[in-house]
Structures are given as C-alpha cells and as structure tokens.
Amino acid sequence: MEKTLVIVKPDGVQRGLTGDVLRRLEAKGLKMVGMKMIWIDKELASRHYAIHTGKAFFAGLIDYITSSPVVVAVFEGRAAVQMVRNLAGATDPLAAAPGTIRGDFGLEIGRNIIHGSDSPENAATEIALFFRDEELYEWPRDTERWISEG
Ligand SMILES: Nc1ncnc2c1ncn2[C@@H]1O[C@H](COP(=O)(O)OP(=O)(O)OP(=O)(O)O)[C@@H](O)[C@H]1O
Ligand SMILES: [Mg+2]
C-alpha cells in the first residue's frame with residue numbers, strides 16, 4: 001500500500017491547526033501509520049529540501065522549517081501521495097482552491113502549513129529520513145472494509 005510523508009509545518013503547529021490538518025487526512029480515509037513531534041535541525045532540513053538547494057527561497061525555507069516544532073506523520077492508502085497533494089492544494093495558497101488545506105488556512109507560499117511528498121519514490125526517501133522502522137506500525141483498522149473495497 002502506498003505511503004507518503006506529511007509534515008505539519010511550524011506555522012501549522014503554532015496556529016493550532018495540527019488537529020485540523022490530520023483530521024482532514026484521516027477523514028479522507030488515509031490510515032496514519034506513524035506520527036510524532038520533532039524540532040527539525042538545519043542538517044535534516046537541508047537533506048529534506050536538498051532539491052531546492054541554490055534557489056532564492058532556500059535560506060528562508062530552511063529558517064522557516066527549523067523555526068519551531070513540527071508534527072511529522074506517515075499516511076497510507078490508495079494513491080496516498082496524490083491524495084495528500086490534492087487535500088493540501090497548490091503550493092502557493094493564492095492558487096490553492098478553497099476546500100484544500102492551503103486554500104482554507106494559508107495566505108503565503110512561505111507559510112503554507114503542510115508538506116506532502118511529491119512522488120512514491122521521494123516518499124520512501126523522506127520517510128526513511130524522519131522515521132525508524134520501529135516507529136511505523138502495521139495495524140489492522142477495524143473500519144477498513146467501509147473505506148477500501150479490498
Ligand atoms: N517561490 C517560492 N518562494 C518562497 N517559498 C517557496 C517558493 N517555492 C516554494 N517555496 C517553499 O518551499 C516549499 C517546497 O517547495 P516545493 O516546490 O517542493 O512545493 P510543494 O511540494 O508544494 O511543498 P512541500 O515540498 O513543502 O510539500 C514550499 O512548500 C514553500 O514553503
Ligand atoms: Mg515539495
């Protein structure tokens with residue numbers, strides 16, 4: 001089953017939106033298989049956002065993501081990567097549709113509340129960056145047959 005990494009970014013945690021963000025992903029039917037609060041350091045931030053090294057917004061992005069604790073989670077489900085991207089909305093809240101997390105809760109691209117992996121391959125890399133194997137659970141969900149056709 002596909003997995004994706006979600007980060008409730010520092011602004012999401014500071015603004016008390018952690019529950020709202022996770023609730024939307026849970027309500028969609030995605031299954032949470034790991035979750036914790038961490039304070040990302042510069043090294044981890046630089047590895048996670050390595051693809052953006054050298055861009056004009058890189059320094060600001062690293063400052064932002066390391067500025068305060070975040071909540072990281074792994075969600076699992078059918079097409080989990082794209083499902084989370086759909087619920088998160090466009091990177092810039094100005095372009096994010098109402099009804100999406102960024103569309104409903106954000107104003108600025110540099111304060112856009114949530115991270116979601118952008119491909120299954122990157123999801124696997126990112127999950128390994130943030131979670132040890134024993135922090136992820138394979139648990140049977142009693143509502144599964146009401147969510148998945150199986
Ligand atoms: N032009 C920009 N100006 C300022 N910040 C930006 C800009 N582009 C991206 N960012 C920041 O860098 C993050 C990573 O950019 P990316 O292109 O990977 O967008 P994303 O995949 O929608 O977001 P994320 O990777 O955080 O889920 C964005 O979420 C945003 O916070
Ligand atoms: Mg991205």
Side-chain angles (χ1 to χ4, degrees), residues 1-133 135-138 141 147-148:
M1 191 55 82
E2 192 168 295
K3 290 184 175 67
T4 190
L5 182 84
V6 169
I7 306 176
V8 183
K9 294 178 174 179
D11 50 329
V13 174
Q14 285 280 352
R15 293 174 56 198
L17 296 173
T18 305
D20 290 281
V21 171
L22 298 180
R23 189 195 63 77
R24 286 179 180 218
L25 307 184
E26 287 186 312
K28 178 71 173 166
L30 294 165
K31 181 162 119 183
M32 188 160 56
V33 296
M35 195 267 288
K36 61 186 176 183
M37 175 179 264
I38 60 167
W39 198 320
I40 298 178
D41 63 22
K42 300 257 180 213
E43 197 208 324
L44 180 57
S46 302
R47 289 174 73 186
H48 174 65
Y49 279 130
I51 194 168
H52 299 303
T53 308
K55 293 185 185 166
F57 61 84
F58 183 73
L61 178 58
I62 299 303
D63 283 348
Y64 163 49
I65 205 72
T66 61
S67 60
S68 187
V70 301
V71 170
V72 286
V74 177
F75 279 88
E76 181 182 281
R78 172 177 177 240
V81 166
Q82 192 58 49
M83 295 287 182
V84 167
R85 302 280 293 183
N86 292 348
L87 293 172
T91 306
D92 187 343
L94 181 60
T100 65
I101 291 164
R102 289 160 172 171
D104 287 352
F105 297 134
L107 284 173
E108 301 222 7
I109 193 167
R111 298 287 183 272
N112 63 359
I113 303 151
I114 180 173
H115 163 79
S117 306
D118 63 8
S119 69
E121 297 71 33
N122 287 340
T125 308
E126 292 176 0
I127 289 167
L129 210 49
F130 286 92
F131 285 90
R132 299 192 306 272
D133 283 351
E135 292 177 312
L136 300 175
Y137 298 94
E138 271 183 44
R141 187 168 56 175
I147 296 167
S148 305

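Computed from a prediction, not measured in an experiment: that's the story for all the values here. For ligands, and for the atoms within them, numbers begin at 1 and follow the listed sequence.
Remark: distances from the non-hydrogen atoms of Arg102 to ligand 1 include one below 4.0 Å. The shortest heavy-atom distance from Leu61 to ligand 1 is under 4.0 Å.
Among protein heavy atoms, the minimum distance from atom 30 (C) of ligand 1 is reached at Ile109 O, 3.2 Å. Protein heavy atom in closest approach to atom 16 (P) of ligand 1: His52 NE2, 3.5 Å. In this structure, the protein non-hydrogen atom closest to atom 20 (P) of ligand 1 is Thr91 OG1, 3.5 Å. Ranking the protein heavy atoms by distance from atom 24 (P) of ligand 1 puts His115 ND1, 3.1 Å first. Among all protein heavy atoms, the one lying closest to atom 2 (C) of ligand 1 is Phe57 CD2, 3.5 Å.
Here is the list of ligand 1 atoms found below 4.0 Å of a heavy atom in Gly116: 27 (O). Atoms of ligand 1 found under 4.0 Å from any heavy atom of Arg85, numbered from 1 in the order shown, are 20 (P), 21 (O), 22 (O), 27 (O).
Between the side chain of Asp104 and the backbone N or O of Pro98 there is no donor-acceptor pair closer than 3.5 Å. Side chain of Asn112 to backbone of Asp92: no donor-acceptor contact under 3.5 angstrom is found. Between the Arg15 side chain and the Phe105 main chain, a donor and an acceptor come within less than 3.5 Å of each other.
In this structure, Lys9 fails the cation-pi test against Tyr64, since its NZ or CZ atom is not both closer than 6.0 Å to the six-membered ring centre and inside 45 degrees of the ring normal.
The aromatic rings of His52 and Phe57 lie tilted to each other, with the angle between the two planes from 30° to 60°.
Few gaps surround CD on Glu135; more than 12 heavy atoms of other groups in view lie less than 6.0 Å from it. When the shell of 6.0 Å around CZ of Arg78 is examined, it contains 12 or fewer heavy atoms from other residues, nucleotides or ligands.
From Phe130, atom CZ reaches atom NE2 of His48 across 5.0 Å, with rounding to the nearest 0.5 Å.
Of all the heavy atoms of Lys9, the ones lying under 4.0 Å from any atom of ligand 1 belong exclusively to the side chain. The proximity of Asn112 to ligand 1, defined as any non-hydrogen pair under 4.0 Å, is limited to the side chain.
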